[in-house]
Amino acid sequence: MFQETERRETWVENVERSRVLVVEDEEAYVDALTVGLTKEGFDVSVARNGAEALAGFDECDPDIVLLDLMLPKVSGLDVCRELRSKSSVPIIMVTAKSAEVDTVVGLEVGADDYVSKPYRIRELIARIRALLRREDIIRAEVGRSSSATAAEGGDDVEEAIVVDDISLDASKHEVVIRGQEVSLPLKEFELLHYLMANAGRVLTRDSLIDRVWGHDYVGDTKTLDVHIKRLRAKVEVEPSKPDVIVTIRGLGYKFDRQR
Ligand code: CA
């Protein structure tokens with residue numbers, strides 16, 4: 001159904017290439033993305049409107065979706081909502097530069113990241129790689145915890161995330177803050193992990209809740225605020241004047257370590 005580049009394996013390591021589903025109606029972007037992504041080693045599928053994207057998603061089975069917001073037939077927001085109801089595939093929302101509000105709504109309906117048009121292909125590819133890497137980390141964690149004893153002494157599947165004077169090693173469930181190992185309850189740990197993996201980016205309250213408590217979480221956002229407060233008590237030098245986990249008014253939080 002989609003226009004597809006050939007599905008193939010890289011001969012180097014026999015690893016299957018990552019497939020990007022490009023949902024885009026502007027021909028110039030379709031062409032540039034197909035060429036640019038293919039050159040960088042991705043397989044590319046193209047859907048030219050929202051309805052086509054939804055109809056062919058299962059068969060395409062992409063590793064990541066690049067989703068334009070302004071689409072014919074079914075809007076990018078509705079496509080995003082629909083995909084999120086059945087899949088955790090990473091989604092990058094593409095918005096118009098002028099419409100900051102779209103970005104927020106896009107993140108709220110479940111997109112993992114966003115870029116604004118016009119964008120540089122190189123920047124976009126960096127974002128795609130970052131999201132795919134995070135997916136790998138999450139999968140590696142799941143694999144490791146389900147075979148925890150067998151994995152001891154094995155290869156390190158994941159590098160610790162280090163941002164300034166705070167480091168987090170998910171495979172060992174270890175957090176070191178200014179040289180001190182700190183023990184965190186599971187949800188605080190997951191929250192910090194997600195914030196650090198996205199250091200420098202604003203994460204909406206809803207996306208934080210979805211990631212840490214799950215899409216079906218029915219409590220209110222107080223839970224999140226309380227966890228943020230607890231985390232701040234541990235990671236901030238001065239918890240009353242947070243500068244590591246900062247509040248972005250009306251939006252959410254950002255891990256912002258830059259001193
Ligand atoms: Ca468009």
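Just so you know, ligand 1 is whichever comes first in the structure, and atom 1 is the first atom listed for that ligand.
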Quiz item: How about Phe189 and Tyr194: are their ring centroids closer than 6.0 Å?
Solution: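 Not close enough - the centres of the two rings lie 6.0 Å or further apart.
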Quiz prompt | Verdict with reasoning, Val22 to Thr34, per side chain to side chain contact (heavy atoms under 4.5 Å, CB included) | solution = CA-CA 8 Å; Val22 173; Thr34 305; over 6 Å; no
Quiz prompt | N/O/S from Tyr29 sitting under 3.0 Å away from the Ca ion (ligand 1) | solution =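 Not a single backbone or side-chain N, O or S atom of Tyr29 is under 3.0 Å from the Ca ion (ligand 1).
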Exercise. Tell me whether Glu26 has at least one N, O or S atom under 3.0 Å from the Ca ion (ligand 1).
Key: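 No.
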Quiz item: NZ of Lys86: more than 12 outside heavy atoms within 6.0 angstrom?
Solution: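 Check passes, neighbour count above 12.
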Quiz item: At the Ca ion (ligand 1), what is the angle formed between atom OD2 of Asp68 and atom OD1 of Asp25, rounded to the nearest 10°?
Solution: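 Vertex at the Ca ion (ligand 1): approximately 90°.
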Quiz item: Any luck finding a side-chain donor-acceptor pair between Asp206 and Thr204 under 3.5 Å?
Solution: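 No, no side-chain donor-acceptor pair sits under 3.5 Å.
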